[in-house]
Structures are given as structure tokens and as C-alpha cells.
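For reference, the structure discussed in these notes is given below.
The first residue of the sequence shown is numbered 1, and numbering continues consecutively from there.
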Amino acid sequence: MNEREECRDERWMRHAMMLATRAEAIGEVPVGAVVVLGEEVIGEGWNRSITTHDACAHAEVMALRAAGEKIGNYRLVGAELFVTLEPCCMCAGALIHSRVARVVYGACDPKTGADTSVFNLLADPRHNHRLTVSRGVLGQACAAQISAFFQRRRSEQKAAKAKARAAAPSDEQGL
């Protein structure tokens with residue numbers, strides 16, 4: 001990859017990271033995705049599974065849905081998807097079925113990653129569509145965004161438990 005392509009990938013990954021902040025603002029895991037055709041954004045998405053009560057509302061799926069609506073076709077031939085976290089099995093399948101040409105992701109997902117971290121779904125030769133994958137674009141920044149979210153959430157949960165314990169009547173009060 002040349003320097004120009006690298007700068008382009010980083011620019012779109014920063015866009016995906018900005019979308020991830022939208023997810024975080026509504027209490028979702030901060031993952032963002034953007035679908036680009038040429039240099040045009042045709043779809044954007046961020047995690048919304050919790051707020052929409054929809055297990056399929058991952059950032060990638062939301063971005064693919066928006067892109068399909070925009071171009072009037074679920075097949076996104078020639079499009080690229082930039083996402084802050086390695087796609088899971090569901091999202092990898094959606095990317096293959098949508099005929100995306102290229103997937104670019106930031107952080108690896110050691111628990112559910114379907115590119116190389118846990119599964120190798122995107123490169124499975126049994127699929128009728130092959131796509132190109134670029135890994136680790138702004139990977140440390142993407143991983144830090146997600147890690148900070150979970151660290152903050154753990155701290156908030158710990159503080160809530162401590163507050164609940166402090167508010168509960170103690171045995172010393174004769175209860």
C-alpha cells in the first residue's frame with residue numbers, strides 16, 4: 001500500500017471513529033462504520049443493538065442498510081467498508097452477501113473477530129464472493145476508544161454498587 005492509500009484509509013477510519021462516538025453517546029459499545037463508493041459516503045452506522053433492542057444492529061449492518069437504501073440495491077459492488085472493530089461472524093456474512101469489495105478495520109477483536117482473530121470467515125474459499133481486507137488501520141486508537149468505554153463502564157458499575165451498599169440499612173441499625 002502506498003502512502004496516499006494509507007492516508008485515505010486513515011481519513012475514513014477517523015470518520016468511522018467519529019461515528020463510534022455517536023454509539024458511545026447513547027450508551028452503546030463505541031463501534032462505527034462507514035461505506036464508501038469511490039470518494040462518496042453512501043452509508044454510515046454505529047452500534048445500536050441496546051437502544052433498538054436488535055441484536056443485528058451492529059455498526060456494519062447499519063452502514064450496509066443505509067448504503068443499500070441510498071443506491072437502491074443490497075449489492076454494494078465496488079464499495080469499501082471502514083469499521084473501527086474487526087467484524088463478527090454476522091457482520092462478516094453481511095459483508096460477503098453485500099458484495100463489498102474491501103473491508104478496512106482498526107482494532108482486532110480477540111473474542112468474536114471473524115477475520116483472523118477467532119474465525120477466518122472473510123477469507124473462506126467456499127464463499128462465492130471474495131473481498132480484500134486491510135487490518136489494523138489506526139488500530140491502537142480504535143482499541144483505546146473501546147477500552148476506555150469498558151473501563152469507564154466498569155468504574156460506573158462499581159460506583160453504583162458501592163452507592164447501593166451505602167444506602168442499604170446495615171445490620172448494626174437493628175434491622
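Paired with W12 under the rule side chain to side chain contact (heavy atoms under 4.5 Å, CB included), one option of V137, V35, V41, V104 passes, and it is V41.
Going from atom CZ of R154 over to atom NZ of K158 covers 11.0 Å, rounded to the nearest 0.5 Å. Atoms CG and SG, from L122 and C89 in turn, are 9.0 Å apart once rounded to the nearest 0.5 Å. Separating the CE atom in M17 from the CD atom in E10 is a distance of 11.0 Å, to the nearest 0.5 Å. Considering CD of E39 and CG of L37, their distance stands at 10.0 Å, rounded to 0.5 Å.
The local environment of CD in Q151 is sparse, with at most 12 non-hydrogen atoms from other residues, nucleotides or ligands closer than 6.0 Å. Counting heavy-atom neighbours within 6.0 Å of H15 NE2, excluding the residue itself, gives a total above 12.
Under a hydrophobic clustering in which Ile, Leu, Val, Met, Phe, Trp and Tyr are joined whenever their side-chain heavy atoms come within less than 4.5 Å, directly or via other members, M18 and L138 fall into the same cluster. Following chains of ILVMFWY side-chain contacts shorter than 4.5 Å, one can reach Y105 starting from F149, so the two form part of one hydrophobic cluster. Connection of L85 to L81 is established within a shared hydrophobic cluster, with ILVMFWY side chains joined at heavy-atom distances below 4.5 Å, either directly or through further cluster members. No path of Ile, Leu, Val, Met, Phe, Trp and Tyr side chains, each step under 4.5 Å between heavy atoms, connects V34 with I71, placing them in separate hydrophobic clusters. Each of M90 and V31 belongs to its own hydrophobic cluster when Ile, Leu, Val, Met, Phe, Trp and Tyr are linked at side-chain heavy-atom distances under 4.5 angstrom.
P125 has its side chain within reach of R130: a pair of non-hydrogen atoms, C-beta onward, lies under 4.5 Å apart. Residues H129 and R75 fail the side-chain proximity criterion, which asks for heavy atoms closer than 4.5 Å. The closest side-chain heavy-atom distance from L121 to H127 is below 4.5 Å. In this structure the side chain of L64 never reaches within 4.5 angstrom of the side chain of Y74, judged on heavy atoms. Counting heavy atoms from C-beta outward, D109 and V118 have side chains that stay 4.5 Å or more apart.
Nearest heavy-atom pair across C88 and E60 is N-OE2, 4.5 Å. Among all heavy-atom pairs drawn from A63 and G45, the shortest one is CB-N, 3.7 Å.
Residue pairs satisfying the salt bridge (Lys or Arg N to Asp or Glu O under 4.0 Å) criterion with at least one member in residues 78-90, sequence neighbours excluded, are listed as follows: R8-E80, E80-R102.
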- Message: Determine whether L19 and T84 satisfy the following criterion, side-chain contact (heavy atoms from CB on, under 4.5 Å), listing intermediate values before the conclusion.
- Response: CA-CA 9 Å; L19 295 169; T84 58; over 6 Å; no

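Here R65 pairs with D54 under the salt bridge (charged side-chain N to carboxylate O under 4.0 Å, His left out) rule; sequence neighbours left out. Not counting sequence neighbours, the partners of I26 by the side-chain contact (heavy atoms from CB on, under 4.5 Å) test are E28, W46, R48, T51.
Panel note: side chain N47, backbone P30; no donor-acceptor pair is recorded below 3.5 Å. Of the possible polar contacts, one joining the E5 side chain to the N2 backbone as a donor-acceptor pair under 3.5 Å is found.
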